[in-house]
Amino acid sequence: MPSLPLPLALAARLTPVAVLATAGWAMSSGPDTTSASEPAPAASATASPSASAPATEAAARTYTAAPDPCASLAAGTVTSLVPGAKTAGKEITSTDAEVRRTCSWNALKGYDYRWLDVSFEVMASDEAAGKSYQERLADRGGGGAVEGLGDAAYSVVNLTTEDKQETREGTVVVRAANALVVVTYNGSDFESKKAPGTDEINKGAIKAAKEAVAALADGQG
């Protein structure tokens with residue numbers, strides 16, 4: 001997703017910034033074979049668990065819908081992580097907004113650029129969310145667990161360089177019951193061609209992730 005060299009990896013994300021800089025996501029039925037003299041509780045006992053199964057499955061599903069991602073962060077958090085960005089953010093079109101929603105904030109202030117994404121994805125079960133969480137971590141290395149965040153959380157920061165321009169990006173993936181929260185936060189300085197420090201990007205991504213997870217729980221309540 002000024003004629004300054006931008007990293008190819010961020011080309012899709014920086015499209016709006018180029019403009020800005022230039023201007024200044026059944027029971028089967030059959031015959032009754034029970035004799036008239038026999039009691040029929042056995043049949044009702046068999047039917048009862050089947051009838052209650054859907055209710056039990058629904059009760060185990062903590063989250064049923066994705067909350068508004070653009071309302072998941074405090075205005076102060078947005079302005080501190082993405083200086084110059086509109087705090088309202090921009091929601092990305094989703095193929096199924098009931099269970100998958102993403103909001104983005106980005107801004108170029110002077111030569112300093114920041115981009116922040118917050119995504120929610122609600123799945124059918126804790127097991128499905130856990131599987132997706134592990135799959136997302138499989139192709140990421142060099143990061144580590146974030147203790148006390150959701151049921152499981154992982155943070156990683158990577159540095160890329162394209163045409164001598166550095167970009168540092170942090171990603172935090174969180175599983176909370178049957179939902180995933182994914183935060184992506186990156187930055188570049190187009191004057192010095194250097195990227196923000198690892199600590200700055202990592203702490204910013206984790207701060208946003210904590211607020212997003214809290215918003216997920218509040219939305220359910």
Side-chain angles (χ1 to χ4, degrees), residues 1 12-13 16 25 54-107 114-140 143 145-157 169-187 201-221:
M1 231 217 313
R13 290 183 173 181
W25 39 130
T56 303
E57 184 177 335
R61 194 166 177 240
T62 305
Y63 303 108
T64 57
D68 180 357
C70 293
S72 65
L73 303 183
T77 299
V78 174
T79 55
S80 67
L81 296 181
V82 192
K86 294 181 178 180
T87 57
K90 178 179 177 58
E91 185 161 1
I92 307 303
T93 302
S94 173
T95 55
D96 189 351
E98 183 70 17
V99 298
R100 190 180 300 105
R101 300 178 71 177
T102 299
C103 188
S104 292
W105 297 262
N106 64 84
R114 293 292 185 278
W115 178 288
L116 175 66
D117 279 348
V118 172
S119 297
F120 294 105
E121 185 168 0
V122 175
M123 300 187 179
S125 66
D126 290 17
E127 183 180 3
K131 181 179 179 181
S132 180
Y133 174 83
Q134 292 300 330
E135 289 173 348
R136 288 169 185 260
L137 266 56
D139 57 358
R140 300 179 186 275
V146 181
E147 299 298 332
L149 183 55
D151 293 306
Y154 183 86
S155 174
V156 62
V157 178
E169 179 169 284
T171 303
V172 180
V173 183
V174 185
R175 182 184 76 80
N178 64 304
L180 291 185
V181 179
V182 181
V183 170
T184 303
Y185 180 48
N186 66 50
I201 292 297
N202 190 49
K203 286 183 176 179
I206 292 174
K207 177 179 176 61
K210 287 181 177 179
E211 289 192 20
V213 171
L216 176 68
D218 289 344
Q220 180 65 17

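Just so you know, these numbers use all the heavy atoms, side chains as well, and skip hydrogens, waters and symmetry mates. Computed from a predicted structure; not experimentally measured.
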Any chance you could measure [X], atom [atom1], to [Y], atom [atom2], to the nearest 0.5 Å?
{"X": "Cys70", "Y": "Arg101", "atom1": "SG", "atom2": "CZ", "value": "7.5 Å"}
{"X": "Leu149", "Y": "Ser155", "atom1": "CG", "atom2": "OG", "value": "9.5 Å"}
{"X": "Asn202", "Y": "Tyr185", "atom1": "CG", "atom2": "OH", "value": "11.5 Å"}
{"X": "Asp218", "Y": "Ser72", "atom1": "CG", "atom2": "OG", "value": "11.0 Å"}

Do [X] and [Y] have side-chain heavy atoms sitting under 4.5 Å apart?
{"X": "Asn106", "Y": "Lys90", "answer": "no"}
{"X": "Leu81", "Y": "Trp105", "answer": "no"}
{"X": "Val122", "Y": "Thr64", "answer": "no"}

Item to check | Asp117 and Ser104: side chain donor to acceptor below 3.5 Å | outcome: yes

Taking all heavy atoms of [X] and all of [Y], pick out the closest pair and write down the distance.
{"X": "Ala66", "Y": "Ala97", "answer": "CB-O, 4.5 Å"}
{"X": "Arg175", "Y": "Ala129", "answer": "CD-C, 3.7 Å"}
{"X": "Ala124", "Y": "Arg61", "answer": "O-CD, 3.5 Å"}
{"X": "Ile201", "Y": "Gly187", "answer": "CD1-N, 4.1 Å"}
{"X": "Pro83", "Y": "Ala107", "answer": "O-CB, 3.4 Å"}

Item to check | Contacts of Lys203 that satisfy salt bridge (Lys or Arg N to Asp or Glu O under 4.0 Å) - sequence neighbours left out | outcome: Asp199

For [X], side chain to side chain contact (heavy atoms under 4.5 Å, CB included) partners two or more places apart:
{"X": "Ala152", "answer": "Tyr133"}
{"X": "Glu98", "answer": "Ala65, Asp96"}
{"X": "Ala177", "answer": "Thr62, Tyr63, Asp126, Asp151"}
{"X": "Thr87", "answer": "Ala75, Val78, Thr79"}

Could you list the donor-acceptor pairs under 3.5 angstrom formed by side chains in residues 205-217, with sequence neighbours left out?
from	atom 1	to	atom 2	distance (Å)
Glu211	OE1	Ala74	N	2.9
Glu211	OE1	Thr77	OG1	3.2
Glu211	OE2	Thr77	OG1	2.5

Next on the checklist: Quick one, Met123 with Leu180, criterion side chain to side chain contact (heavy atoms under 4.5 Å, CB included). Give me CA distance, side-chain angles, the key distance, then yes/no.
Outcome noted: CA-CA 8 Å; Met123 300 187 179; Leu180 291 185; 3.7 Å; yes

Next on the checklist: Run Arg136 and Val182 through side chain to side chain contact (heavy atoms under 4.5 Å, CB included) and show every step you take.
Outcome noted: CA-CA 10 Å; Arg136 288 169 185 260; Val182 181; 3.6 Å; yes

